[in-house]
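Notes for the one structure printed next.
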Amino acid sequence: MPQASHTLTPQLLRQLTLNPADHPRGVAHLSAASGLVRVGDRLYVVADDEVHLGVFDSSAMHAPGALLRLLEGNLPHDKGARKKAKPDFETLAQLPPLPGHAHGALLALGSGSKPQRETGVLLPLNAQGAPAGQVGTVDLAPLYAPLRERFADLNIEGAFLLGNELLLLQRGNKGNALSACIRYEWSHFAPWLAGLQPQPPAPHNVQTMDLGEVDGVPLSLTDGTPLHGGAWAFCAVAESTDDSYHDGACVGSAIGIVTPDGQVKLQLLAGAPKVEGIAAQAAGDGWQITLVTDPDEPRTPAQMLQTHWVL
């Protein structure tokens, strides 16, 4: 079990504001940011209670973000009804070139925590990392079925490429404290994702992870991002809930690094922001870490935060 070396204090970069005229419900912000990918100056944010992707410009932090539609239709206005109907996009990953996507793509994944949450979306990118072309959907049921046999409360909250592997991150909770890192060979996964193989590959490695606890509540993975040389970074929260469906109080949060040999280093975050998306850039003597939050309140804008991890 990793021990936190000290506490970091993240700085507020911006709130995830939008032009309300662009939002189907007239909302002026994203309220449930759940995954983050940086491509050049673009910061792509997926929200678990939307059918759109948020796009923000890192060179214009005060400008409202834009929305890109991922799925047709609109979600109900009522919070409870929307929670039942939402595709629950908890994960966003940048993919390298694959069949049909010469410049790569973004992949949003439903969490798999309910049957209606088993849809993935592929968004093609151009050579500059901008959206290009029509989105395509992926039925995640055959991918998630064998995982559900292993994880009774399946809740996929992170995905990213690390070398020649695709990693999925399973989030634990108070009912099952262990999170997990699920690894697939990318050369086997890409053909299925592109529709060239009928069945997804089986994972070649599943590693459970005990991240410790805060006030008796386990820290659980909420997103991850590649670093270099086989290392990767993650964010985690201690949310007081017994399952993947119901929200609870966030009593602690952290970021961590997993070294190539599997060691886990952890640092708690001051103020316990509920961080659910992470991106990293090399910066001087360490890593500049960008995070997005899910305040679990539709009227409250999600935040984009930043901190620095010194190596």
Side-chain angles (χ1 to χ4, degrees), residues 8 10-20 22-23 27-70 89-96 103-109 121-133 135 157-162 169 222-228 232-235 237 253 255 269 273-283 286-295 300-309:
L8 294 174
Q11 304 300 311
L12 175 65
L13 283 181
R14 62 164 298 155
Q15 295 183 330
L16 298 187
T17 54
L18 304 167
N19 182 343
D22 297 335
H23 193 284
V27 178
H29 58 264
L30 291 180
S31 63
S34 300
L36 173 65
V37 164
R38 178 191 287 271
V39 184
D41 288 337
R42 295 178 182 87
L43 292 158
Y44 293 100
V45 179
V46 72
D48 68 30
D49 67 346
E50 300 286 356
V51 292
H52 292 77
L53 185 69
V55 187
F56 300 87
D57 186 345
S58 65
S59 65
M61 278 297 184
H62 297 292
L67 288 179
L68 284 174
R69 180 173 285 278
L70 297 179
F89 291 127
E90 294 280 3
T91 296
L92 188 66
Q94 182 183 4
L95 304 181
H103 300 291
L106 295 177
L107 174 65
L109 298 177
V121 174
L122 270 174
L123 175 65
L125 299 177
N126 64 19
Q128 290 72 45
V135 299
E157 294 237 354
F160 56 95
L161 263 290
L162 187 67
L169 302 181
T222 53
D223 198 14
T225 190
L227 299 179
H228 57 63
W232 54 282
F234 64 84
C235 52
V237 302
S253 58
I255 58 175
L269 295 175
K274 192 182 176 192
V275 288
E276 294 209 6
I278 185 171
Q281 288 181 301
W287 294 94
Q288 177 182 286
I289 304 292
T290 306
L291 304 157
V292 289
T293 68
D294 177 359
T300 302
Q303 295 181 332
M304 185 174 289
L305 309 174
Q306 193 171 89
T307 189
H308 189 78
W309 183 295

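Every value quoted in this text rests on a predicted model; they were computed, and no experiment measured them.
Of all the heavy atoms in Phe89 and Ser34, the pair that sits closest is O-CB, 3.7 Å. The nearest pair of heavy atoms linking Arg14 to Met61 is NH1-O, 2.9 Å. Between Pro295 and Pro301, the shortest heavy-atom contact is CG-O, 4.0 Å. For Val275 against Val237, the heavy-atom pair with the smallest separation is O-CG1, 3.4 Å. Minimum heavy-atom separation, Arg69 to Val135: O-CG1, 4.1 Å. Nearest approach of His308 to Ala283, heavy atoms of both residues: CE1-O, 3.1 Å.
Of the candidates Leu36, Leu305, Leu13, Val292 forms a side chain to side chain contact (heavy atoms under 4.5 Å, CB included) with just one, namely Leu36.
Distance check, rounded to the nearest 0.5 Å: NZ of Lys274 to SG of Cys235 gives 11.5 Å. Atom CG in Leu68 sits 8.5 Å away from atom NE2 in His52 (nearest 0.5 Å). Separating the CZ atom in Phe56 from the OG1 atom in Thr290 is a distance of 13.5 Å, to the nearest 0.5 Å. In this structure, the separation between CG on Leu92 and CG on Leu106 is 5.0 Å, given to the nearest 0.5 Å. To the nearest 0.5 Å, atoms CG (Asp57) and CZ (Arg42) are separated by 8.0 Å. The CG atom of Leu67 lies 9.0 Å from the CG atom of Asn19; values are rounded to the nearest 0.5 Å.
Side-chain contact check for Leu30 versus Met304: every heavy-atom pair is 4.5 Å or farther apart. Counting only heavy atoms from C-beta outward, the side chains of Asp223 and Thr91 never approach each other to under 4.5 Å. Using a 4.5 Å heavy-atom threshold, the side chains of Leu291 and Leu269 count as touching. Looking at heavy atoms from C-beta onward, Gln303 lies out of side-chain contact with Pro273 at the 4.5 angstrom threshold. Within the 4.5 Å cutoff, the side chain of Trp309 has no heavy atoms near those of the Leu227 side chain. Under the 4.5 Å side-chain criterion, counting only non-hydrogen atoms from C-beta, His228 is in contact with Trp287. Looking at Val27 and His29, their side chains come closer than 4.5 Å, going by heavy atoms from C-beta outward. Residues Val37 and Phe160 fail the side-chain proximity criterion, which asks for heavy atoms closer than 4.5 Å.
Distance alone, capped at 3.5 Å, is enough to place a donor-acceptor pair between the Ser58 side chain and the Asp41 backbone.
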Evaluate Leu70 against Val51 for side-chain contact (heavy atoms from CB on, under 4.5 Å), listing each step before the verdict. CA-CA 5 Å; Leu70 297 179; Val51 292; 5.5 Å; no

Quick one, Glu157 with Leu169, criterion side-chain contact (heavy atoms from CB on, under 4.5 Å). Give me CA distance, side-chain angles, the key distance, then yes/no. CA-CA 6 Å; Glu157 294 237 354; Leu169 302 181; 5.7 Å; no

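Among residues two or more places apart in sequence or in another chain, the side-chain hydrogen bond (donor to acceptor under 3.5 Å, both in side chains) test is passed with Thr225 by none. Residues passing the side-chain hydrogen bond (donor to acceptor under 3.5 Å, both in side chains) test with His23 are Glu50, sequence neighbours excluded.
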